[in-house]
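We count ligands from 1, going down the list as the structure has it; atoms in each ligand are counted the same way.
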Amino acid sequence: MMTGEQYVESMRKMNMQIYMFGKKIENPVDDPILRPSLNSVKATYDLAQDPEYEDLMTVKSSLTGEKINRFLHIHQSREDLVNKVKMQRMLGQQTAACFQRCVGMDAFNAVFSTTFEVDQKYGTKYHENFVNYAKYCQEHDYTVDGAMTDPKGDRGLAPHQQEDPDMYLRIVERRTDGIVVRGAKAHQTGAVNSQEMIVMPTISMGPEDKDYAVAFAVPTDAEGIIMIIGRQSCDTRKLEGTELDVGNSEFGGVEALVVFDDVFVPNDRIFLAGETEFAGMLVERFAGYHRQSYGGCKVGVGDVLIGASALAADYNGCSRASHIKDKLIEMIHLNETLYCCGIACSAEGGPTASGNYMIDLLLANVCKQNVTRFPYEIARLAEDIAGGIVVTAPSEADYRDATTGPYVEKYLKGAKGVSVENRLRILRLIENLCLGTAAVGYRTESLHGAGSPQAQRIMISRQGNLSVKKELAKKIARIKD
Ligand code: SF4
Ligand code: FE
């Protein structure tokens with residue numbers, strides 16, 4: 001396994017095509033806007049070396065028998081599924097940001113079981129391809145991006161019906177040695193901090209979408225891949241040299257629009273190529289695993305926000321007010337409810353035909369549906385407790401200035417003995433989580449990440465087994481048809 005430093009050095013050797021603010025970023029590793037997101041991934045390496053977190057962060061590989069980072073693991077039991085969620089909560093607590101590496105883990109497990117079933121039906125070699133690839137990633141301790149979301153163009157049309165055929169990523173050429181693909185994947189969490197990328201389809205497909213039913217792996221610096229960084233609220237504060245105003249200066253998350261401009265994929269890295277009826281299975285499984293993930297990572301970030309809110313109340317001198325206590329109780333209640341869902345869908349998981357373990361799909365979708373709501377209420381309560389000052393506090397520059405500083409110091413005093421600087425720090429952290437760069441990961445990603453709310457409602461209606469429930473009611477009511 002790599003140390004955090006070795007990971008950073010391995011990222012330095014990558015030759016990715018990354019663009020931000022209209023410029024090519026030659027050195028993404030040291031870029032002040034991107035670096036905090038790299039630090040979050042680095043934490044997944046650092047903590048794996050820490051004896052305190054070893055049990056959560058590492059595991060014995062089912063493929064090689066070697067000790068590996070859990071982010072590269074093929075889950076072997078319900079306990080593995082539960083430990084995954086616990087690890088994600090812990091990392092959310094340590095980074096208060098999206099640490100990005102989960103998408104690869106979720107892609108690993110979805111592709112592992114789906115390729116097995118495709119091979120059973122068609123006699124293809126996709127599972128063998130994937131197992132070899134997974135071993136390669138485990139041996140190098142890589143970070144792997146899991147790319148699913150296509151731009152989708154006109155949402156009312158199937159992939160093959162789009163005016164521009166590239167709105168869903170597709171095979172444009174089939175060669176004897178591999179395929180050439182074109183298209184894009186949107187909102188790619190951590191793509192710029194990954195050495196490898198697994199690409200999957202984004203929706204169920206019909207027979208006419210054959211060229212779109214494609215899954216494969218490529219290095220993130222493969223020829224033809226271009227990444228355009230998504231900007232975040234308050235991102236350029238990181239350029240101002242003020243650690244205080246950033247709120248969380250060490251960690252962050254990052255997304256990119258990843259363009260595949262005729263990228264070659266060799267045969268041994270292909271995991272699906274035209275077997276349209278398996279596109280839906282792959283999507284459902286990846287989404288299910290990632291909806292479980294949110295019952296861990298968002299809960300960990302929620303822990304930090306609840307702690308920050310309690311500190312803001314202390315610093316304001318109002319922590320004994322009964323309504324403040326009650327708001328904090330509500331925040332804890334909501335946050336732990338999400339955790340219950342993450343643990344429940346893991347504990348109720350079971351083996352797939354390939355032997356790896358999958359979450360309970362209904363419960364994972366219920367988990368994510370709650371995540372589309374509760375962080376918003378938790379953020380609302382945090383802003384309520386913090387007070388309006390969370391969005392009106394002067395900058396660090398004004399706080400340090402010889403003329404304005406003494407006024408800030410005098411009038412932003414809170415409870416006796418609390419430094420104004422500490423008060424500003426906690427307010428900026430709350431701002432960061434609710435409205436700033438981390439709000440991408442804590443709020444809007446809670447809504448749309450791992451699928452927007454309606455995607456879960458479709459799965460809930462499919463998995464909810466209404467007919468069984470009707471029979472139960474008929475039996476109790478003594479209805480005989
Ligand atoms: Fe992991 Fe959460 Fe980020 Fe998804 S949103 S990659 S589950 S930390
Ligand atoms: Fe996500």
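Salt bridge annotation for Glu9-Arg12: present, with a cationic side-chain nitrogen under 4.0 angstrom from a carboxylate oxygen. For Glu250 and Arg35, the salt-bridge test fails: no basic side-chain N is under 4.0 Å from an acidic carboxylate O. Contact check on Lys84 versus Asp106 returns a salt bridge, with a Lys/Arg side-chain nitrogen under 4.0 Å from an Asp/Glu carboxylate oxygen. Ion pairing of Arg285 with Glu117 is present here, as a side-chain N (NZ or NE/NH1/NH2) and a carboxylate O approach within less than 4.0 Å.
Checking each of Phe271, Tyr136, Phe216 against Phe130 for a ring-ring contact (aromatic ring centres under 6.0 Å, His included) leaves exactly one that passes, namely Phe271.
Near Ser293, with a cut-off below 4.0 Å to any heavy atom, the atoms of ligand 1 are 7 (S). Using a 4.0 Å cut-off to heavy atoms of Phe99, the atoms of ligand 1 that qualify are 8 (S). Short contacts between ligand 1 and Gln100, defined as distances under 4.0 Å to a heavy atom of the residue, involve ligand atoms 3 (Fe), 6 (S). The distance from ligand 1 to the heavy atoms of Tyr294 drops below 4.0 Å at these ligand atoms: 4 (Fe), 5 (S), 7 (S). Near Glu445, meaning under 4.0 Å from one of its heavy atoms, ligand 1 places the atoms 5 (S).
Using a distance-only test at 3.5 Å, with no hydrogens or angles considered, a donor-acceptor pair links the side chain of Asn356 to the main chain of Asn109.
Distances from the Fe ion (ligand 2) show that Ser293 has no N/O/S atom below 2.8 Å. Within the 2.8 Å limit, Cys297 places no N, O or S atom next to atom 3 (Fe) of ligand 1.
With 3.5 Å as the limit, one finds no donor-acceptor pair spanning the side chains of Tyr53 and Thr58.
Atom 3 (Fe) of ligand 1 has its closest protein heavy atom at Cys98 SG, 2.3 Å. Residue, atom and distance of the protein heavy atom nearest to atom 1 (Fe) of ligand 1 are Cys102 SG, 2.2 Å.
Looking at Glu445 and the Fe ion (ligand 2) together, the shortest N, O or S contact belongs to OE2.
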